[in-house]
**Student:** 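The structure's right below; bear with me while I get my questions together.
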Amino acid sequence: MDPRRTEPDRHIDTNPVTLYGEFTSTGNRKVRCAVSLTDKDLIVQRLSSAPVGRNKVVLSLRDCVGSRAYREDDNADQAAYFTAYFYPLKRRWVSSGVSRQRVEQGFRLAALQDPRANLEEAEKWARAVRERSARQRYLRDGVLMSELSCPCRMMLLVNPQSGKGQALTLYNNHIQRMLNEAGVPHTLVITERQNHARELMREADLSQWDAIVIMSGDGLLFEVINGLLERSDWEEAIRTPLGILPGGSGNALAASVHHYSGASPVSSEELLISCGFLLCKGLVSHMDLVSIHLSSSPRLFSFLSLAWGFVADVDIESEKYRHVGAARFTVGTLVRLASLRVYKGRLAYLPATLVYNNQEHSRNNKTLHYNNQGSTPCPASILCPSRDSSCQTAVQNTFHNFCHSNNSLKVRRTESVPSRTATKAQSGPPDSLLLPLDQPVPRDWVVVQEEDFVLMLAMYQSHLAEDLLAAPDSTLDDGLIHLFYVKAGISRAALLRLFLAMEKGAHMATNCQHLVHMKVRALRLEPFSPKGIITVDGEVVEYGPVQAEVHRGLARLITG
């Protein structure tokens with residue numbers, strides 16, 4: 001065993017060896033390995049007479065989440081150990097495709113008589129692996145993402161009732177180990193009721209945490225974001241990096257984060273492993289949020305979707321099939337197709353034809369320009385001022401916990417008539433594109449001529465569910481709402497083909513005459529049908545007029 005440092009030859013090798021040693025394997029002391037560390041890889045060569053190709057393993061440091069050095073409890077053993085943890089993309093054993101699979105490489109160092117010296121050597125290796133792994137940052141969409149502080153103190157919120165009720169088991173089987181391997185200290189918080197996380201975020205001392213991670217369906221993140229934006233210090237609070245781990249039946253944002261990483265589609269526990277890996281890498285991106293106004297409810301903030309009609313009905317009516325996990329949406333779709341409905345209403349939107357000036361990422365100095373020929377911006381005097389209480393609705397809703405489901409938010413009015421003159425301080429960023437719901441939309445907006453719809457869906461992320469790639473060209477902070485609607489008259493078979501194509505993001509290529517898609521900055525929906533369901537991020541909200549405006553890059557999301 002002869003650990004030694006070799007000087008790189010920059011003229012010969014573009015990936016020179018910086019550390020070299022010969023150690024025994026942790027699992028089998030009879031197996032001797034030559035271990036080389038370069039700037040990009042950890043190379044393990046089993047020393048034997050067998051052909052080189054069969055005994056050589058090259059592990060990319062980009063796939064490494066952590067490394068540690070330690071000594072065994074046995075005082076008679078003078079050796080020290082170091083172990084590195086990797087999650088490379090590997091081919092599945094049964095089905096086609098690749099997924100991230102755990103690989104652990106452990107080595108025993110016993111070259112010296114002094115146990116402390118052996119431990120120092122092991123720590124040198126572990127530290128070098130961590131440092132070189134941390135350097136493997138990369139550009140995504142041309143933007144270098146920021147990085148979490150190290151060590152990162154995480155609050156990990158788990159809803160034990162989400163999905164099939166297995167979130168805690170999945171945490172114990174996978175996530176706890178991954179975070180420990182990455183050296184990420186975290187505090188586990190188990191939610192106990194509907195809106196528990198929302199209340200916690202309103203009151204929490206956020207200075208204790210470097211990140212807040214949600215392990216559930218999408219509903220728990222909805223609570224967290226709205227709780228943060230209800231704080232008096234919302235501007236600072238919403239900058240707290242957020243993480244998402246799929247633990248429910250609706251894991252749309254987790255699937256979107258995986259999609260943005262460039263990896264091939266996965267689901268279930270493979271999606272959890274992928275998102276856990278990205279979480280451990282600790283890179284942070286900006287994420288759009290959308291401001292949602294209802295006729296008599298407090299303003300809400302949405303990170304995923306606004307739905308009315310077929311999609312909203314399937315989402316909520318499929319709750320009874322929750323025990324089958326993500327497959328509940330497939331069952332719900334087939335049931336609703338059997339009795340297809342038509343929904344009457346008026347839809348209007350502001351096309352995404354405005355551009356930001358060179359200061360677009362500085363949201364405090366945003367200037368809007370209109371590109372439409374012949375259109376003019378709405379006069380500043382008719383836009384709802386950012387903190388003008390006369391533009392705000394004061395009537396509050398009381399939210400009641402009917403069950404532990406994150407998709408079962410219920411609303412009850414505490415006043416039958418909204419008071420336009422009552423005032424209430426509004427936290428969160430001001431809306432500059434929306435007029436009060438009791439006024440006509442601005443003249444720059446487009447009003448859809450059709451009034452009979454099968455569905456309206458506004459998306460701001462790529463996925464509507466694990467297996468529904470609804471907006472394939474969406475990005476986390478493009479400042480766009482991807483608006484889809486399906487006009488009445490579509491057949492059941494055509495609608496089914498549309499959703500089957502959506503599994504791979506191919507629905508826009510079906511040339512369905514009833515499907516319309518555009519990119520917008522704001523929208524308004526006024527349902528005429530007396531009964532129906534409107535959902536925001538899968539949560540049921542007050543049925544009636546609703547409007548929305550996108551706020552670019554308002555939140556921060558850990559995307560690896």
Side-chain angles (χ1 to χ4, degrees), residues 153-180 182 184-204 208-209 211-228 240 242-255 257-258 267-280 303-304 315-316 318-329 331-332 399-410 465-466 535 537-540 557-558:
R153 302 163 300 168
M154 286 185 180
M155 177 194 291
L156 179 58
L157 294 162
V158 176
N159 176 8
Q161 303 297 327
S162 62
K164 297 180 181 179
Q166 296 180 335
L168 269 177
T169 300
L170 292 171
Y171 163 79
N172 290 327
N173 290 348
H174 299 291
I175 300 304
Q176 184 178 36
R177 179 176 65 184
M178 293 182 76
L179 293 177
N180 289 338
V184 178
H186 62 283
T187 299
L188 180 66
V189 177
I190 300 175
T191 58
E192 301 172 355
R193 61 186 183 278
Q194 189 77 31
N195 282 326
H196 183 191
R198 190 171 188 161
E199 296 163 5
L200 182 62
M201 291 301 103
R202 282 200 296 256
E203 306 297 332
Q208 298 182 47
W209 312 106
I212 299 168
V213 179
I214 293 86
M215 185 168 179
S216 179
D218 297 306
L220 197 61
L221 182 58
F222 175 82
E223 289 188 21
V224 167
I225 286 174
N226 280 279
L228 293 173
T240 305
L242 304 173
I244 184 72
L245 296 169
S249 52
N251 300 309
L253 184 60
V257 170
H258 172 83
S267 61
S268 303
E269 290 190 32
E270 289 182 346
L271 178 61
L272 177 63
I273 296 298
S274 174
C275 290
F277 169 78
L278 296 172
L279 179 68
C280 290
F303 64 90
L304 180 65
D315 193 5
I316 301 308
S318 65
E319 279 291 318
K320 62 176 70 75
Y321 312 117
R322 175 173 286 276
H323 61 281
V324 301
R328 73 180 177 94
F329 299 110
V331 177
F399 297 98
H400 295 273
N401 176 31
F402 286 81
C403 68
H404 283 294
S405 165
N406 280 328
N407 293 321
S408 301
L409 187 65
K410 306 293 183 182
E466 281 188 21
T535 61
D537 298 349
E539 306 291 332
V540 178
L557 187 70
I558 304 169

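Counting from 1, the numbers follow the sequence of the chain as shown.
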**Student:** Pick out which of I175, L220, I244, L168 makes a side-chain contact (heavy atoms from CB on, under 4.5 Å) with M215.
**Tutor:**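 When I175, L220, I244, L168 are each tested with M215, the side-chain contact (heavy atoms from CB on, under 4.5 Å) holds only for I175.
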
**Student:** Would you say that L279 contacts L179 through its side chain, given a criterion of any heavy-atom pair below 4.5 Å between the two side chains?
**Tutor:**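 Yes. Closest side-chain heavy atoms under 4.5 Å.
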
**Student:** Using the side-chain hydrogen bond (donor to acceptor under 3.5 Å, both in side chains) criterion, which residues pair with R177? Sequence neighbours excluded.
**Tutor:**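 Applying side-chain hydrogen bond (donor to acceptor under 3.5 Å, both in side chains) to R177 gives none.
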
**Student:** So which heavy atom on V213 is nearest to which on M154, and how close?
**Tutor:**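 Closest approach of V213 to M154, heavy atoms only: CG2-SD, 3.6 Å.
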
**Student:** Compare every heavy atom of G538 with every heavy atom of I316, then report the nearest pair and how far apart it is.
**Tutor:**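 Smallest interatomic distance, heavy atoms only, reads CD1-O, 3.7 Å.
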
**Student:** Do side-chain atoms of N172 reach the backbone of T169 as a donor and acceptor pair under 3.5 angstrom?
**Tutor:**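 Side chain of N172 to backbone of T169, a donor-acceptor pair under 3.5 Å: no, none is there.
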
**Student:** Using side-chain contact (heavy atoms from CB on, under 4.5 Å) as the criterion, list what pairs up with A167, not counting sequence neighbours.
**Tutor:**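 With sequence neighbours excluded, A167 shows a side-chain contact (heavy atoms from CB on, under 4.5 Å) to V158, S162, given in chain and number order.
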
**Student:** First locate atom CG of N226, then atom CZ of R202, and finally report the distance between them rounded to the nearest 0.5 Å.
**Tutor:**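 With rounding to 0.5 Å, CG (N226) is 9.5 Å from CZ (R202).
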
**Student:** Residues in side-chain hydrogen bond (donor to acceptor under 3.5 Å, both in side chains) with T535, at least two apart?
**Tutor:**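 Not a single residue meets the side-chain hydrogen bond (donor to acceptor under 3.5 Å, both in side chains) criterion with T535.
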
**Student:** Under the side-chain hydrogen bond (donor to acceptor under 3.5 Å, both in side chains) rule, collect the residues that match up with H186, sequence neighbours excluded.
**Tutor:**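 Y171.
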
**Student:** Quick check: do L170 and L245 have side-chain heavy atoms less than 4.5 Å from each other?
**Tutor:**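 Contact flag for L170/L245 side chains = no.
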
**Student:** Return the set of residues passing side-chain hydrogen bond (donor to acceptor under 3.5 Å, both in side chains) with E199 (not counting sequence neighbours), or none when no residue passes.
**Tutor:**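 Applying side-chain hydrogen bond (donor to acceptor under 3.5 Å, both in side chains) to E199 gives R193.
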
**Student:** Sequence neighbours excluded, which residues qualify as side-chain contact (heavy atoms from CB on, under 4.5 Å) partners of A182?
**Tutor:**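 Scan of A182 (side-chain contact (heavy atoms from CB on, under 4.5 Å), adjacent residues dropped) gives V65, V184, C280.
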
**Student:** Using atom types as modelled and distance alone, determine if a side-chain donor or acceptor of D218 lies under 3.5 Å from a backbone N or O of D537.
**Tutor:**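 Pair absent, no side-chain N/O of D218 close to backbone of D537.
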
**Student:** So which atom in S216 and which in N159 form the shortest heavy-atom distance, rounded to 0.1 Å?
**Tutor:**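 Distance-wise, the nearest heavy atoms are OG-CB, 3.4 Å.
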
**Student:** For E269, enumerate each residue passing the salt bridge (Lys or Arg N to Asp or Glu O under 4.0 Å) test, keeping only those at least two apart in sequence or located in another chain.
**Tutor:**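 Not a single residue meets the salt bridge (Lys or Arg N to Asp or Glu O under 4.0 Å) criterion with E269.
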
**Student:** Let me confirm one number: the CG-CD distance from N173 to Q166, rounded to the nearest 0.5 Å.
**Tutor:**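 CD of Q166 is found 9.5 Å from CG of N173.
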
**Student:** Going by side-chain contact (heavy atoms from CB on, under 4.5 Å), M201 matches just one of E223, M155, H196. Which one?
**Tutor:**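 Among E223, M155, H196, the one meeting side-chain contact (heavy atoms from CB on, under 4.5 Å) with M201 is M155.
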
**Student:** List in chain and number order the residues that pass side-chain contact (heavy atoms from CB on, under 4.5 Å) with T240, two or more places apart in sequence or in another chain; answer none if no residue qualifies.
**Tutor:**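 Partners of T240 by the side-chain contact (heavy atoms from CB on, under 4.5 Å) criterion, ordered by chain and then number, come out as L206, I212.
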
**Student:** I'd like to check L200 versus L157 (side-chain heavy atoms, cut-off strictly below 4.5 Å). Are they in contact?
**Tutor:**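 L200 vs L157: side chains touch.
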
**Student:** Please report the closest heavy-atom contact between A197 and T191, naming both atoms and the distance.
**Tutor:**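 In this case the closest contact between A197 and T191 is CB-CG2, 4.3 Å.
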
**Student:** Measuring from I214:CD1 to F222:CZ, what's the distance to the nearest 0.5 Å?
**Tutor:**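 Separation between the atoms: 13.0 Å.
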
**Student:** Would L557 and L253 count as a side-chain contact (heavy atoms from CB on, under 4.5 Å) here? Give the steps.
**Tutor:** CA-CA 10 Å; L557 187 70; L253 184 60; 4.2 Å; yes

